[in-house]
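Please read these numbers as outputs of a predicted model, since none were measured by experiment.
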There are 2 protein chains.
Amino acid sequence: MPDLRPGLQHLYLRDEDLRLGIELLFYAYRDFTAEPDRMLEEIGFGRAHHRAIYFVGRYPGINVGELLAILRITKQSLSRVLGELVRKGYILQRQGTSDRRQRRLELTEQGAALERKLSENQRRRIAAAYRAAGPAAVEGFRRVMLGLIDERDRRKVAAEPAKAPPLATPRRA
Amino acid sequence: MPDLRPGLQHLYLRDEDLRLGIELLFYAYRDFTAEPDRMLEEIGFGRAHHRAIYFVGRYPGINVGELLAILRITKQSLSRVLGELVRKGYILQRQGTSDRRQRRLELTEQGAALERKLSENQRRRIAAAYRAAGPAAVEGFRRVMLGLIDERDRRKVAAEPAKAPPLATPRRA
DNA sequence: CCGAATATGTCAGTGTTGTTGACATATATG
DNA sequence: CATATATGTCAACAACACTGACATATTCGG
């Protein structure tokens, strides 16, 4: 059922255009994760460890609830992975200062090193794709990808890290 | 280690640009798969079933080896999922004509209906993102995404379905 | 201050999806 | 005919998700 809301832009979208979008996401994600997965396997970790390490590195001092909101998994799932990372010395937990129920997470030096190693591969792949496609394509890529993300997360993802206040918890009713 | 091959395009890539690329892929894939996953759960299937149904619908008559090459999983993993789909009447297997060792796969009417239902959600999401971003952005999106895919699969993904000879012997015109 | 809500953690059980390794059958091919 | 290929199957295992129940510490509102 083609969603042809006539008030909006009319961009003629063939079924093949949409199908290609689906497949691009499948193949790109498949290949984007393959190499880090292989590295992780060598040290007995999996993709879930990578995600946790990545986002703790991205938002130092993030608390557990915020990390759960990003990953969209249950606390029991995260707990297993996070516990392992803490026990093996990749992540530190410190009690929050303003709210002492919170555990603020950060990478140890070892954790930061692993994060760099894993992400380096992905950065290289992205850099190569960006260079091959050119700056205008990169801008288009961003616009489309943002449009694929749930509306409630778009702002957060698009925000520059400097501008992004580390996810401060606006506690509401 | 910034991959600054000086002979290529120089597109100034900040660390944030690459980081954003990583995150766009994570968030977009997370949200792109969430709704189909919920639907699949209701009928006792998972994402792996979706993938199999999708690609069998995409390449009617595809054989097992070709499907394995796309999914990049082991035959034992595929076998479990495929067997279930066959037993429950979503996929048909027919012996190949030119090579009778092969099992050519296709969707039953029930399988095609499920495929449409699952993909409709993803098509809608892609269509919305494409419309919001505009045609130029869509072209950029494609270029970057293709660049992220392993070189050996780029041609196949980019090929129009009409132009794409269904991977092997086009038994079905 | 007290009770409710919140942030986090843990135990136990379950399901999907991936893996490896070994082995079986049918068919194709040189 | 011997070997390679396409597929299937059995068994064991691991990663990572889930639900449900319960525990503890802390914050917050009335």
Open item on the list: Does D:dT9 have OP1 or OP2 under 4.0 Å away from a side-chain N or O of B:Ser79?
Closed with: yes
Task: Out of C:dT17, C:dG9, D:dT26, whichever nucleotide has its closest atom nearest the side chain of A:Asp99 - done: D:dT26
TODO: Using only side-chain N and O atoms of B:Gln93, determine if any of them is under 4.0 Å from OP1 or OP2 of D:dG8.
DONE: yes
TODO: Determine whether any donor atom in the side chain of B:Glu41 lies under 3.5 Å from an acceptor atom in the base of C:dG15, or the reverse, and answer yes or no.
DONE: no
Open item on the list: Counting only side-chain nitrogens and oxygens, does A:Ser77 get under 4.0 Å of the OP1 or OP2 atom of D:dC18?
Closed with: yes
- [ ] Compute the centroid of each ring, for A:Tyr54 and then for B:Phe26, and state whether the two points are separated by less than 6.0 Å.
- [x] no
Open item on the list: With a 3.5 Å cut-off and heavy atoms only, can you find an N or O donor on one side and an acceptor on the other between the side chain of A:Arg101 and the base of C:dT6?
Closed with: yes
Open item on the list: Could you check whether A:Arg123 pairs with B:Asp17 (Lys NZ or Arg NE/NH1/NH2 to Asp/Glu carboxylate O, under 4.0 Å)?
Closed with: no
Task: side-chain N/O A:His49 vs D:dA15 OP1/OP2, d < 4.0 Å - done: no
TODO: Would you indicate, yes or no, if C:dT27 has its OP1 or OP2 atom less than 4.0 angstrom from a side-chain nitrogen or oxygen of B:Gln95?
DONE: yes
Open item on the list: Quick check on D:dT5: is either OP1 or OP2 less than 4.0 Å from any side-chain nitrogen or oxygen of B:Gln102?
Closed with: no
Task: N or O in side chain of A:Arg103 less than 4.0 angstrom from C:dA7 OP1/OP2 - done: no
Task: Where A:Leu13 and A:Leu18 come nearest, the two heavy atoms and their spacing - done: CD1-CD2, 4.2 Å
TODO: Compare side-chain N and O positions of B:Arg51 against OP1 and OP2 of C:dG18 and report whether any pair is under 4.0 Å apart.
DONE: yes
Task: N or O in side chain of A:Arg100 less than 4.0 angstrom from D:dT27 OP1/OP2 - done: yes
TODO: Can you check whether any acceptor in the base of D:dA17 is under 3.5 Å from a donor in the side chain of A:Arg47, or vice versa?
DONE: no
TODO: For C:dG18, take OP1 and OP2 only and decide whether either is under 4.0 Å from a side-chain N or O of B:Thr74.
DONE: no
